[in-house]
There are 2 protein chains.
Amino acid sequence: MESTPWEDRLREQGFRITPQRQLVLESVNQLGHGTPEEILSSVQKTASGVNLSTIYRTLEVLESVGLITHTHIGHGAPVYHSQDESPHIHLVCDDCAEVTSIPAAAAAEFSLDLQETYSFNAHMTHMAVTGLCKACAGKSELKSHG
Amino acid sequence: MESTPWEDRLREQGFRITPQRQLVLESVNQLGHGTPEEILSSVQKTASGVNLSTIYRTLEVLESVGLITHTHIGHGAPVYHSQDESPHIHLVCDDCAEVTSIPAAAAAEFSLDLQETYSFNAHMTHMAVTGLCKACAGKSELKSHG
DNA sequence: CTATATATGCGTGAAATATGCAATAGGTAG
DNA sequence: CTACCTATTGCATATTTCACGCATATATAG
């Protein structure tokens, strides 16, 4: 009987393997991004009894062992995502709230500059950049022309 | 009797000049950065009767007329800052939570790249970059050597 | 100084997250 | 496979952050 890598990851740190943890991790992987509420919904499709508190505690645990990470996007709702995916930066539209992911590599130079100039070791994966998406920038432009 | 620029700014949009608004604006300018709670404390040193609701509403008003802006840094606590200051980017340490401001110009190239490659009009002023500051990066390094 | 609409203070409410505790269930030794 | 020990869960509740309704106070025009 083989253990999966994620199970080992938890065990190494003295955590137990539970269905809740498995489901939460699967949901995060499947959703790509997800807020705690969204993850709850997803988990409850399979196991309706799972409690929101468990989601929060599980997300903490999974993050502490490095299986997932989270980003704060704007106001209130943290977004969790799989560590499997290639690191990415979130572009968040202030207007329509749409979130676009771009490869972390897009900020490689910026990151290097922060390191060299400010001795700051930026975590690009955690970064959310706010602004206006193409569609919404277009809308504002129309207004200002009117 | 001259009006100050901030008073005009409010009046232009049909807002009234009140001691609360003056105090909140002064606090923000003085604090550099401040969460609503911190701003409340600061304001209450002068006027202890001011209510937290007033702080929230006043911050909204001041932001709507462009006298201040806010950034979401990590979890829950938005940070308001003066618009007088030159636009800056916040570097937030994940470990010690220290916030460093750097000129927005540091991200000029990155910003341009986002525009050209992704048609995304980034608001650098709103941007918070998380990572490790020099001191905390040093600490982790020690640990990993130990 | 007066009229009046805007602002404030206060109590209340809602949303998101944390916590204490008893019950449940992994994991391990035998 | 069984029993035991402790991590984990579910539930109820507390906390934190922010929004809202309404009566009162106050800034501003005339």
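Just so we're on the same page: letters track the sequence lines, and every chain starts at 1.
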Restricting to pairs with a member in residues 34-60 of chain A, which pass ring pair (Phe, Tyr, Trp, His ring centres under 6.0 Å), not counting sequence neighbours? none
I need the CD-C1' distance between A/Gln13 and D/dT8, as an integer number of Å. 17 Å
State, with a plain yes or no, whether a side-chain heavy atom of B/Val92 is found less than 4.5 Å away from one of B/Val129. no
Taking side chain as C-beta onward, heavy atoms only, is B/Ser64 less than 4.5 Å from B/Phe15? yes
ring-ring contact (aromatic ring centres under 6.0 Å, His included) involving B/Phe120 - partner list, sequence neighbours excluded: none
How would you list, by chain and number, every residue that makes a side chain to side chain contact (heavy atoms under 4.5 Å, CB included) with B/Ala47, sequence neighbours excluded? B/Leu23, B/Val50
Specify whether B/His88 and B/His81 have parallel, tilted or perpendicular ring planes, treating 30° as the upper limit for parallel and 60° as the lower limit for perpendicular. tilted
Side-chain donor-acceptor pair present, B/His33, B/Ser101, cut-off under 3.5 Å: yes
When the distance from CG of A/Leu23 to C1' of D/dT8 is rounded to whole Å, what number comes out? 14 Å
Could you state the interatomic distance from CG (A/Asp113) to CD (B/Glu109), rounded to the nearest 0.5 Å? 8.5 Å
Out of C/dT17, D/dC18, D/dT9, which nucleotide sits closest to the side chain of A/Pro36? C/dT17
A/Asn29 and A/Leu25, any side-chain heavy atoms less than 4.5 Å apart: yes
How many Å lie between CG on B/Leu40 and C1' on D/dA19, as a whole number? 16 Å
Inter-end axis angle, the helix from C/dC1-D/dG30 to C/dG30-D/dC1, with every axis fitted to five base pairs (rounded, 10 degrees): 40°
Nucleotide-resolved protein contact map, nucleotides 25-30 of chain D, B/S/- at heavy-atom distance under 4.0 Å: -BBS--
How long is the line joining CD of A/Glu7 and P of D/dA7, in whole Å? 19 Å
Quick one, B/Arg11 and B/Arg16 - any side-chain contact, counting heavy atoms below 4.5 Å? no
pair B/Tyr80-B/Thr71: side-chain heavy atoms closer than 4.5 Å: no
Using a strict heavy-atom distance below 4.0 Å, which residues from residues 44-69 of chain B are in contact with DNA chain D? B/Ser53, B/Tyr56, B/Arg57
Looking at A/Gln20, does any N or O in its side chain come under 4.0 Å of the phosphate oxygens OP1/OP2 on C/dA25? no
